[in-house]
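Each ligand, and each atom within it, is numbered from 1 in the order the structure gives.
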Amino acid sequence: MTHKIALITGASRGLGRNAALKLAARGVDLILTWRSGKAEAEEVCQQARAMGVQAAALQLDAGDSSRFAEFVAQVKTLLQTQWGREQFDYLLNNAGIGIHASFADTTEEQFDELVNVHLKGPFFLTQRLLPLIVDGGRILNVSSGLTRFSFPGLAAYASMKGGIEVLTRHMAKELGPRRITVNVIAPGAIATDFGGGMTRDNPQINAAIASQTALGRAGLPDDIGDAMSLLLSDEAGWINGQRIEVSGGMLL
Ligand SMILES: NC(=O)c1ccc[n+]([C@@H]2O[C@H](COP(=O)([O-])OP(=O)(O)OC[C@H]3O[C@@H](n4cnc5c(N)ncnc54)[C@H](OP(=O)(O)O)[C@@H]3O)[C@@H](O)[C@H]2O)c1
């Protein structure tokens with residue numbers, strides 16, 4: 001049986017890396033992207049290959065739409081040379097950064113960086129990749145619990161995540177005729193490098209999150225990698241146009 005192929009942006013570390021390995025464990029081949037962590041991405045590929053799937057990594061700056069045409073051409077060539085295929089099955093728009101700044105202090109540069117990587121990037125990257133996604137494929141975008149609850153210092157970041165949630169519903173509507181499902185996963189606070197690693201490395205912040213979470217701890221990469229892999233599984237095919245929060249019940 002031919003393996004499905006998933007393209008995951010920002011898979012050198014954190015949640016993208018975790019999802020990649022969860023998908024590999026389910027027999028899904030991988031096209032991963034990295035921005036600065038080439039060696040880390042290659043290591044993820046090696047781990048995936050050890051699980052019996054094919055994997056390759058490409059460089060992508062998800063915030064630089066001027067290079068997307070070139071990237072899409074690379075994906076096309078990779079599909080043809082490595083898989084003998086024209087299309088892939090699953091797209092996980094995961095790449096992202098956190099910038100902490102109060103609403104009063106956020107600069108236009110910070111706003112632009114966030115909008116480029118979290119909203120403009122997924123919009124135009126997915127648009128350009130559409131011919132390369134199979135009919136009946138899956139797209140999973142990544143939002144945040146911060147679209148439902150608020151903490152100081154995250155106004156710009158959370159606004160972009162709000163945008164990707166609205167975009168998800170509209171994409172689902174327009175891609176339905178091709179039987180492509182589009183959903184958005186909204187993780188709670190997860191212990192990765194994200195935001196300077198504060199959920200993982202700052203004991204006070206970690207404890208505060210645990211106390212605000214029904215399941216009594218901060219999230220771990222496995223919690224989200226499992227859910228991403230689940231949402232990209234055959235069994236999740238009737239879930240469409242939805243925001244799925246995966247936060248252990250944060251701030252219920
Ligand atoms: N961790 C959380 O608490 C949390 C909660 C809610 C939502 N999220 C969302 O989950 C996603 C992944 O976060 P994470 O926790 O895994 O973060 P992370 O551990 O910091 O990893 C970020 C990943 O994204 C890549 N990346 C960053 N900027 C990029 C850019 N401009 N272009 C391409 N790739 C880029 C990085 O690549 P390189 O290392 O190669 O540069 C890395 O692979 C993000 O969209 C984030 O907003 C995270």
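Atom CD of Q59 is surrounded by more than 12 heavy atoms from other residues, nucleotides or ligands within 6.0 Å. Dense packing is recorded around CZ of R85, with more than 12 heavy atoms of other residues, nucleotides or ligands lying under 6.0 Å away.
Listed as neighbours of ligand 1 are G10, A11, S12, R13, G14, L15, W34, R35, S36, G37, L60, D61, A62, G63, N94, A95, G96, I97, V117, H118, V142, S143, S144, Y157, K161, P187, G188, A189, I190, T192, D193, F194, each bearing a heavy atom under 4.0 Å from the ligand.
Checked against the 6.0 Å centroid criterion, the rings of F111 and Y157 do not qualify as a close aromatic pair.
The closest donor-acceptor contact from the side chain of T213 to the backbone of I209 lies under 3.5 Å.
There is a side-chain donor-acceptor pair under 3.5 Å between S229 and R26.
Of the candidates L175, L92, L7, T181, I139 forms a side-chain contact (heavy atoms from CB on, under 4.5 Å) with just one, namely L175.
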